[in-house]
2 protein chains.
Amino acid sequence: MKSGLVTIKDLARELNISASTVSRALKDHPDISKETKRAVQELAQKLNYQPNAVALSLKQRRSNTIGVIIPEIVHYFFSSVISGIEDVAYEAGFNVIICQSNERYEREVANAKTLLASRVDGVLVSISKHTTDYKHFKNFQNNEVPIVFYDRVVPDIIADQVIIDDFDAAYRSTRHLIDSGRTRIAHLGGPMALLIGQNRKNGYLKALSEAGIPADENLILEADSFEKARMAIMKLINQKIKFDGVFATNDLTAIGAMQTIQKKGYKIPDEIAIVGFSDGRFSGITDPTLTSVDQHGYEMGTLATQMLLKRILSEDDEYPAETKVLNADLIVRGSSII
Amino acid sequence: MKSGLVTIKDLARELNISASTVSRALKDHPDISKETKRAVQELAQKLNYQPNAVALSLKQRRSNTIGVIIPEIVHYFFSSVISGIEDVAYEAGFNVIICQSNERYEREVANAKTLLASRVDGVLVSISKHTTDYKHFKNFQNNEVPIVFYDRVVPDIIADQVIIDDFDAAYRSTRHLIDSGRTRIAHLGGPMALLIGQNRKNGYLKALSEAGIPADENLILEADSFEKARMAIMKLINQKIKFDGVFATNDLTAIGAMQTIQKKGYKIPDEIAIVGFSDGRFSGITDPTLTSVDQHGYEMGTLATQMLLKRILSEDDEYPAETKVLNADLIVRGSSII
DNA sequence: GTGAAAGCGCTAACAG
DNA sequence: CTGTTAGCGCTTTCAC
């Protein structure tokens, strides 16, 4: 922040009027005469005056900035969320400070501290995989800085939340496979420690039981990466455990499965159908294209930000914490066409 | 920024000392007695005092914040750059405000204005595809806010730059194909309007001519997306124009080509070898895996930030603008194994 | 060793 | 219609 930047005082001095008059003229205050306004605005234009947001923040005790804590930007889903956040925030005249936790607890705590020091007016948080202690978030609430959690929420803090209905999405994905005539459906799931892992598995189980298909433990595997999927599928095939469908907990996993299956000579979707989760950049470019659940990251970002702004701007009256559940759409593509 | 947050005054009142003493005690000023320091620091801890970064910024006329203007976060390359930026910035005690231009000129101008108003101490910029006017950047320079351009730089502004050597990377990629015995190498390139498009094509041409292989206009196609690549390759094959290698301007394009080639019954890499560019998330998950140029986004981010911080922190003496050229590594994978 | 005062840039209550 | 004053939270001379 260099001294070079023009201030209100500079304008005032130049025009031989007071700083307050300049301030008022700039914001079109009704008290100020037309000529003064014109003169001030003209000079401001000429000298390229930019109001000092820092001074404003201090004065108003409101920074017009929201903080975002996000696990890892490189994931398509999270970067979509950010786009949604930015669009809504800028529209409302708010800046956005983004902090990556990189899936590390210590970093997340540091992020929280930074945002608090920066006096953000509110925060949007998706917790890291390794966060089990939530004191650093309580800190915001103690200081009346509203929080909205998105996607990866925390159980023991009362706050607004935006999540997607993992259970339902998993249910519908599995249902879709069943509807296409599959009965031996494998599930490549995430760790049960994460809520989303549990929810997706439970949705899968519900669809099976509803269709009267007994769950087969041999078909339920923990595999949530490209490599793990390859190994898991390889094992199934080598052990001659038959399956005609795969519901994977994310797209990379689905693609790992897909490749292994093809390499082993099975046809997709004819012999084995595949459904992924997250609908990232990959789903359109595999061969066949991948059926997947669209998590609507952009919408999640816009919605979370709207909820946060509502809290920030709500004058006084508190209202109870809200939880919004987004529907995730199953996008049917080539890997599961009937 | 709620009133709830503890200030230095609160601590002072509580301890019946002056605000200045508290301020000094908190930063371990030698003048202050041990007991006072202890008392202050203890209370600060207890009340969870967080220094108000906004007030500090105003006072120091230095926000300890850097601004980033980036085309689109959703691209793997750009999100890697951001990670590099954040790591270096946080290490140095700087915050980062990220603004997406979404490849739109107007948005970029608005971004620049926002960052100026926020009194960032410096900016990192990669211009949008549609930016041809650079006044909004001059504004920073007029106000002594240093700029470092990364990846997509601008010709007519004198400023630090970090770029990768597209020409050389393209040359080496093509060279690699030639070394593996290919002589009919197609180039799927980007629009010639962008510097990177030209550079990559020229690198390709140089490798050919150096090897005494005449360039064939039929093999030089403008195709820089998944779909365009599919159509371009389809056309080549249908027209019975023979080729045994493909150098594509990015990975999605390479993958489009790969799929079409495989679908037409040709073996990769045996009959046709493929090299992509950017080395994103895709390269490891195709079958065969994709040879590609690693653009080193993370390093670009760290380097650009180091250059920026150096400018910000360099007390007075100006030094001439620097341009750093990063080498891009060719990562050889299955699609071009000899 | 500690305190009082001024000021970073801006706004708003209070005077005139 | 415009100016004066005070203050947002903090640091930093300058006093004592």
Side-chain angles (χ1 to χ4, degrees), chain A residues 1-41 44 47-65 93 116-121 143-144, chain B residues 1-41 44 47-65 93 116-121 143-144:
Chain A
M1 182 161 52
K2 289 304 176 308
S3 42
L5 285 165
V6 182
T7 75
I8 265 189
K9 277 190 186 171
D10 297 328
L11 301 182
R13 197 179 320 112
E14 187 88 10
L15 294 169
N16 274 314
I17 55 179
S18 77
S20 20
T21 303
V22 174
S23 170
R24 285 185 277 242
L26 286 171
K27 44 189 37 163
D28 213 20
H29 190 106
D31 276 3
I32 305 295
S33 74
K34 298 217 182 333
E35 301 92 80
T36 313
K37 277 185 194 165
R38 204 192 31 70
V40 169
Q41 283 162 358
L47 300 185
N48 191 32
Y49 167 79
Q50 294 288 347
N52 184 330
V54 176
L56 245 171
S57 296
L58 188 59
K59 177 77 193 163
Q60 323 266 238
R61 310 164 96 223
R62 153 79 70 91
S63 61
N64 276 285
T65 298
L116 207 51
S118 301
R119 296 301 190 268
V120 293
D121 297 329
N143 293 299
E144 297 172 60
Chain B
M1 183 160 52
K2 290 304 176 312
S3 42
L5 285 165
V6 182
T7 74
I8 266 188
K9 277 190 186 173
D10 297 328
L11 302 182
R13 199 178 319 111
E14 187 87 11
L15 295 168
N16 274 314
I17 54 177
S18 76
S20 16
T21 304
V22 174
S23 170
R24 284 185 276 239
L26 285 171
K27 46 188 37 164
D28 213 19
H29 190 105
D31 275 5
I32 305 295
S33 74
K34 298 217 182 335
E35 301 93 79
T36 313
K37 277 185 193 166
R38 205 192 32 70
V40 169
Q41 283 162 357
L47 299 185
N48 192 31
Y49 167 79
Q50 294 287 346
N52 185 330
V54 176
L56 245 171
S57 296
L58 187 60
K59 178 75 194 170
Q60 324 265 236
R61 310 162 98 223
R62 154 81 68 91
S63 62
N64 276 284
T65 299
L116 208 50
S118 301
R119 296 303 191 267
V120 293
D121 297 329
N143 292 300
E144 299 173 59

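Residue numbers begin at 1 in each chain, while the letters A, B, ... track the order of the sequences.
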Taking CD1 from B:Ile17 and C1' from C:dT2, how many angstroms apart are they, rounded to a whole number? 9 Å
Could you work out, with side chain to side chain contact (heavy atoms under 4.5 Å, CB included) as the rule, every residue matching A:Lys27, not counting sequence neighbours? none
Looking only at D:dG3, D:dT11, D:dT2, the nucleotide nearest the B:Gln60 side chain is D:dT11
Can you check whether A:Ala19's main-chain N or O pairs, donor with acceptor, with A:Ser23's side chain at less than 3.5 Å? no
When you compare the side chain of B:Ile8 with that of B:Leu26, does any pair of heavy atoms fall below 4.5 Å? yes
Using whole Å, report how far NZ of A:Lys9 lies from P of C:dC10. 9 Å
What is the distance from CG of A:Leu116 to P of D:dG9, rounded to the nearest Å? 14 Å
In whole angstrom, give the distance that lies between atom CG of A:Asp10 and atom P of C:dC8. 11 Å
Tell me, do A:Leu47 and A:Leu11 make a side-chain contact under 4.5 Å, heavy atoms counted? yes
Please enumerate all residues that pass side chain to side chain contact (heavy atoms under 4.5 Å, CB included) together with B:Arg13, with sequence neighbours excluded. B:Lys9, B:Asp10
Results of side-chain hydrogen bond (donor to acceptor under 3.5 Å, both in side chains) for B:Thr65 - residues two or more places apart only: none
Residues which pass salt bridge (charged side-chain N to carboxylate O under 4.0 Å, His left out) with A:Asp28, listed by chain and number, not counting sequence neighbours: A:Lys37
Measure the distance from CG on A:Leu15 to C1' on D:dT2 and round it to the nearest whole Å. 14 Å
Through what angle, rounded to 10 degrees, does the axis of the helix from C:dG1-D:dC16 to C:dG16-D:dC1 turn between its ends, using five pairs per end? 50°
Separation of B:Lys59 atom NZ from D:dT12 atom P, in whole Å? 7 Å
Looking only at side-chain N and O atoms, does A:Lys37 come under 4.0 Å of OP1 or OP2 in D:dC1? no
Residue whose closest nucleotide on DNA chain C lies nearer the 5' end, B:Asp31 versus A:Ala55: B:Asp31
Side chain of B:Ile8, heavy atoms from C-beta onward: which of D:dT11, C:dG9, C:dT2 has the nearest atom to it? D:dT11
Choosing from D:dC10, C:dG9, C:dT2, which nucleotide comes nearest the side chain of A:Thr7? C:dG9
CG of B:Leu11 versus P of C:dG3: gap in Å, rounded? 14 Å
Evaluate side chain to side chain contact (heavy atoms under 4.5 Å, CB included) for B:Val40 paired with B:Ile17, printing each intermediate quantity in order. CA-CA 10 Å; B:Val40 169; B:Ile17 54 177; 3.8 Å; yes
Taking every non-hydrogen atom, the tightest pair across A:Ser18 and A:Ala12: C-CB, 3.8 Å
Would you mind reading off the distance between B:Leu56 atom CG and D:dT11 atom C1', rounded to a whole angstrom? 8 Å
At under 4.0 Å, does any side-chain N or O of A:Tyr49 touch on OP1 or OP2 of C:dG9? no
May I ask you to evaluate whether A:Arg61 reaches the phosphate of D:dG9, defined as a side-chain N or O under 4.0 Å from OP1 or OP2? yes
Report the residue (B:Ser18 or A:Gln50) whose heavy-atom-nearest nucleotide on DNA chain C is the more 5′ of the two. B:Ser18
In residues 19-29 of chain A, which residues come under 4.0 Å of DNA chain C by heavy atom? A:Ser20, A:Ser23, A:Arg24, A:Lys27
B:Arg119 and B:Ser63: which non-hydrogen atoms are nearest, and at how many Å? O-OG, 2.6 Å
Given D:dT2, C:dT2, D:dG9, the nucleotide with the shortest approach to the side chain of B:Asn52: D:dG9
